[in-house]
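Okay, so here's the structure we're looking at.
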Amino acid sequence: MKKILAAAILTVAATAGTASAGGAPGTVGVGGEIELSGLGGLSVNYDAGRFHVGGFIGLNDPNGPSNTSIEVGGRFFYHVASTATADFSLGGGLGIRNIGDQAVGIPDNGSQTDVYLEPSFQIRAFILPNVALSFTGGISIGVGDDKTVTLTSDLVGTAGVHYYF
């Protein structure tokens, strides 16, 4: 995960330049975000004014053979309330993780595909006119090969950062 966040920070730093204020219609944010399920990676957001949409792609290759995972996902948030420097949104996301053959030595065991549906809320705070921190909370429902529901007495939440152009 540290590799993903480092890559996101480097991407933002490499593309820095004059930008218009984030949160305005037609702006695009580049950065990194983690979903409630733990999936995440480099992400892009498009702000359309009353809502924003985004997607991410991530790659994780822990030690061991045949366990590389590819993660992709998308999200949609409708802005319920907005100010000049923040917004509160309701929406959700969809995340998909494909993991290579986990049972080494068993022929034709296949890969594992996890799908997560995440109804959630998001708060974005623009700490600079073109830099937003996002905080997301909600539930994550695993379907596909991973049939889990993450519901605890604690709030499940994550964060992200985006640089808007």
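Numbering of residues begins at 1 and proceeds along the displayed sequence. Just so you know, these numbers use all the heavy atoms, side chains as well, and skip hydrogens, waters and symmetry mates.
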N/O donor-acceptor pairs under 3.5 Å from side chains in residues 87-95, not counting sequence neighbours:
from	atom 1	to	atom 2	distance (Å)
Asp87	OD1	Arg124	NE	3.2
Asp87	OD2	Arg124	NE	3.2
Asp87	OD2	Arg124	NH2	2.6

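Note on Val80 and Phe77: separate hydrophobic clusters, where clusters join Ile, Leu, Val, Met, Phe, Trp and Tyr whose side-chain heavy atoms are under 4.5 Å apart, directly or indirectly. Taken together through direct or relayed side-chain contacts under 4.5 Å among Ile, Leu, Val, Met, Phe, Trp and Tyr, Ile141 and Val72 form part of one hydrophobic cluster. Under the 4.5 Å side-chain heavy-atom criterion for ILVMFWY residues, a single connected hydrophobic cluster contains both Ile57 and Ile96.
Residues Ser37 and Ser140 share a closest heavy-atom pair of CB-OG, 3.4 Å. Listed here is the closest heavy atom pair of Val44 and Arg75: O-NH2, 4.4 Å. Across all their heavy atoms, Phe126 and Ala132 have their closest contact at CE2-CB, 3.5 Å. Shortest non-hydrogen contact noted between Gly137 and Ser120 is O-CB, 3.0 Å.
For the atom pair OH (Tyr163) and CG (Asn130), the distance works out to 4.0 Å, reported to the nearest 0.5 Å. For the atom pair CG of Leu36 and OH of Tyr116, the computed distance is 11.5 Å after rounding to the nearest 0.5 Å. Leu133 contributes atom CG, which lies 12.0 Å from atom CD1 of Ile123 (distance to the nearest 0.5 angstrom).
Side-chain polar atoms of Ser134 and His162 form no donor-acceptor pair below 3.5 angstrom.
Contacts of Gln122 classified as side-chain hydrogen bond (donor to acceptor under 3.5 Å, both in side chains), with partners at least two apart in sequence or in another chain: Glu33, His52, Thr136. Judged as a ring pair (Phe, Tyr, Trp, His ring centres under 6.0 Å), and not counting sequence neighbours, the contacts of Phe51 are Phe76. Remark: Tyr46 pairs with no residue by the ring pair (Phe, Tyr, Trp, His ring centres under 6.0 Å) rule, at least two apart or across chains. By the salt bridge (Lys or Arg N to Asp or Glu O under 4.0 Å) test, Glu118 is found to be paired with no residue, residues two or more places apart in sequence or in another chain being considered. Under the side chain to side chain contact (heavy atoms under 4.5 Å, CB included) criterion, Ile70 pairs with Leu59, not counting sequence neighbours.
The backbone N or O of Ile34 lies less than 3.5 Å from a partner atom in the side chain of Thr158, making a donor-acceptor pair. Of the possible donor and acceptor atoms, one in the side chain of Arg50 sits under 3.5 Å from a partner among the backbone N and O of His79.
Here the rule is side chain to side chain contact (heavy atoms under 4.5 Å, CB included) with Tyr164, and of Asn45, Val28, Val30, Leu128 only Asn45 fits it.
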